[in-house]
**Q** 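Got a structure for you, written out below as structure tokens; questions coming shortly.
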Amino acid sequence: MKRSSGVRAAATVVVSALSLALVTGCGGESGGADAKALSSAELKKALIAEGDVDGYKVSTAEAMKIQTPNTVDEKCKPLVQVITGDAPADAAAEAKTVATQEKKPTDTASKSIEDLSEGEFEDAFNESLSVDVTVVGLSSYDGDGAEKAFKSVSDAVENCAGGFTADEKSDDGKFTEVAAEKGSGAGDESVAFALTSDLEDGETGQAHAEVVRHGNTVATYYTMNIGALMTGKAYTVPAAVVDAQGAKLK
């Protein structure tokens, strides 16, 4: 329970807005000099929607509440764009949504609050917050724009390894470390990374992200799980969301 206010601070970027880069498939297909970006209508149609991901509620309306803060360091701006679902670099069209994991009821959830012991209440509270919330963004580019946008993210993972502040007006969006992770290997090339924030009492917490290029379209994923942050449980960008979005881009 001590971590709750620190976690809220670490989540401010998503709520108010919500080491070398490990890149796979670098030899994948290029968008090509003559590649044409998808139109806004085509991109919105290609974005995952309600019913596309089993076990997840998908809401574009929730994504519209996310605003992009002003990053202190320009070289880290692509990472800020990823965590808010915005296009890394200038895109011809972009769209975003939020996929929220649906929780199955537990035995503890069927009890009234008065019947719960202190330990059961804390466990139930943490469990209720143990939900993967993923901001999904799509952006499409003309020519080799998608390759350049992808490279801006992979470069930022390396250049911002020591951390960055996502909002110059507040320390709430401060990340102390950026570290490459093993990603899905989806698409033509992909990069995955973890963002570490300081919480309370010397504790730290991580959020996770992945960026995948599919031809001249770039998909970004940023996942937070407040319950997992509070309890120290491991989690990552959900494969079901990445797979469902990738399938719609084929």
**Q** Between E189 and R213 (salt bridge meaning N to carboxylate O under 4.0 Å), is one present in this structure?
**A** yes

**Q** May I ask you to decide if G145's main-chain N or O and N216's side chain share a donor-acceptor pair within less than 3.5 Å?
**A**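 Checking the backbone N and O of G145 against the side chain of N216, no donor-acceptor pair under 3.5 Å is found.
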
**Q** Please indicate whether K148 has more than 12 foreign heavy atoms, meaning atoms of other residues, nucleotides or ligands, lying under 6.0 Å from its NZ.
**A**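 Not buried by this count: 12 neighbours or fewer within 6.0 Å.
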
**Q** Check the hydrophobic clustering (I, L, V, M, F, W, Y; side-chain heavy atoms under 4.5 Å; chains of links allowed) and say if V212 and V53 are grouped together.
**A** yes

**Q** Between atom NZ of K248 and atom CG of L138, what is the distance when rounded to the nearest 0.5 Å?
**A**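 So the NZ of K248 and the CG of L138 are separated by 9.5 Å.
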
**Q** Locate the shortest heavy-atom distance separating L249 from A46; write the atom from each residue and the value.
**A** CD2-CB, 3.9 Å

**Q** What do you reckon, is CG of D90 surrounded by more than 12 foreign heavy atoms closer than 6.0 Å?
**A**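 No, the 6.0 Å shell around CG holds no more than 12 heavy atoms from other groups.
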
**Q** Closer than 3.5 angstrom, by distance alone: can the side chain of K233 be matched with the main-chain N or O of G227 as a donor-acceptor pair?
**A**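 No: the side chain of K233 does not pair with the backbone of G227.
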
**Q** Is the side chain of S40 donor-acceptor paired with the backbone N or O of A93 at a distance under 3.5 Å, no angle test?
**A**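 No: the side chain of S40 does not pair with the backbone of A93.
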
**Q** Could you report the tightest heavy-atom contact between V82 and F193, atom names first, then the distance?
**A**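 Here V82 and F193 meet closest at CG1-CZ, 4.1 Å.
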
**Q** Between L79 and V153, what is the shortest heavy-atom contact and its length?
**A**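 That closest heavy-atom pairing would be CD2-O, 4.1 Å.
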
**Q** Of the non-hydrogen atoms in S140 and L38, which two are nearest, and what is the gap between them?
**A** OG-N, 2.9 Å

**Q** Could you tell me which non-hydrogen atom of N159 sits nearest to which non-hydrogen atom of K75, and how far apart they are?
**A**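 Minimum heavy-atom contact is O-CE, 3.2 Å.
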
**Q** Just by modelled atom types, is the S197 backbone N or O under 3.5 Å from a matching donor or acceptor in the T204 side chain?
**A**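 No; judged by distance alone, with no hydrogens or angles, the pair does not exist.
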
**Q** Are E42 and K45 within salt-bridge range, i.e. N to O under 4.0 Å?
**A**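 Judged by the 4.0 Å cut-off on N to carboxylate O distance, E42 and K45 do not form a salt bridge.
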
**Q** Would you say the side chains of E210 and S184 form a donor-acceptor pair under 3.5 Å?
**A** yes

**Q** In Å, rounded to the nearest 0.5 Å, how long is the span from OG1 of T223 to CD of Q206?
**A** 12.5 Å

**Q** Roughly how far apart are K250 NZ and Q245 CD, rounded to 0.5 Å?
**A** 12.0 Å

**Q** For the pair K103 (side chain) and S130 (backbone), establish whether a donor and an acceptor sit closer than 3.5 Å, ignoring hydrogens and angles.
**A**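 Yes, because the side chain of K103 sits within donor-acceptor range (under 3.5 Å) of the backbone of S130.
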
**Q** Does V211 reach the side chain of V218, with side-chain heavy atoms less than 4.5 Å apart?
**A** yes

**Q** To the nearest 0.5 Å, what is the distance between CG on D198 and CZ on F175?
**A**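 Atom-to-atom, D198:CG and F175:CZ are 11.5 Å apart.
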
**Q** Y141 vs S139, test: side chain to side chain donor-acceptor pair (under 3.5 Å). Steps then yes/no.
**A** CA-CA 7 Å; Y141 305 78; S139 50; 2.9 Å; yes

**Q** Name the residue from V98, V241, V133, I48 that meets the side-chain contact (heavy atoms from CB on, under 4.5 Å) definition with Y56.
**A** V241

**Q** For a 4.5 angstrom cut-off between non-hydrogen side-chain atoms, does C160 reach D73?
**A** no

**Q** With no hydrogens and no angle check, is any side-chain donor or acceptor of E50 less than 3.5 Å from a backbone partner on V58?
**A** yes

**Q** Judged by modelled atom types alone, do T220 and Y222 share a side-chain donor-acceptor pair under 3.5 Å?
**A** no

**Q** With side chains defined as the heavy atoms from C-beta onward, is the minimum distance between T100 and E62 less than 4.5 Å?
**A**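 T100 does not reach E62 side chain to side chain.
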
**Q** Heavy-atom distance under 4.5 Å between the side chains of V131 and E102, does that happen here?
**A** no

**Q** How long is the gap from OG1 on T236 to OH on Y221, to the nearest 0.5 Å?
**A** 12.5 Å

**Q** Should E147 and D188 count as side-chain neighbours, where that means a heavy-atom distance under 4.5 Å?
**A**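 Contact flag for E147/D188 side chains = no.
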
**Q** Using the ring of each side chain (for Trp, its six-membered ring), is Y235 parallel, tilted or perpendicular to H208, with breaks at 30° and 60°?
**A** perpendicular

**Q** Could you check whether any side-chain N or O of K174 sits under 3.5 Å from a backbone N or O of T165, counting only pairs where one atom can act as donor and the other as acceptor?
**A**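 No, because the side chain of K174 does not come within donor-acceptor range (under 3.5 Å) of the backbone of T165.
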
**Q** So which heavy atom on K96 is nearest to which on T60, and how close?
**A** O-CG2, 3.6 Å

**Q** Are I226 and L195 grouped together when hydrophobic residues (ILVMFWY) are joined by side-chain heavy atoms under 4.5 angstrom apart?
**A** yes

**Q** Would you check if the side chain of D142 reaches a backbone N or O of A37 as a donor-acceptor pair within less than 3.5 Å?
**A**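 Yes; judged by distance alone, with no hydrogens or angles, the pair exists.
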
**Q** Does F150 share a hydrophobic cluster with V136, counting links as ILVMFWY side-chain heavy atoms below 4.5 Å and allowing steps through other members?
**A**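 Cluster IDs for F150 and V136 differ.
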
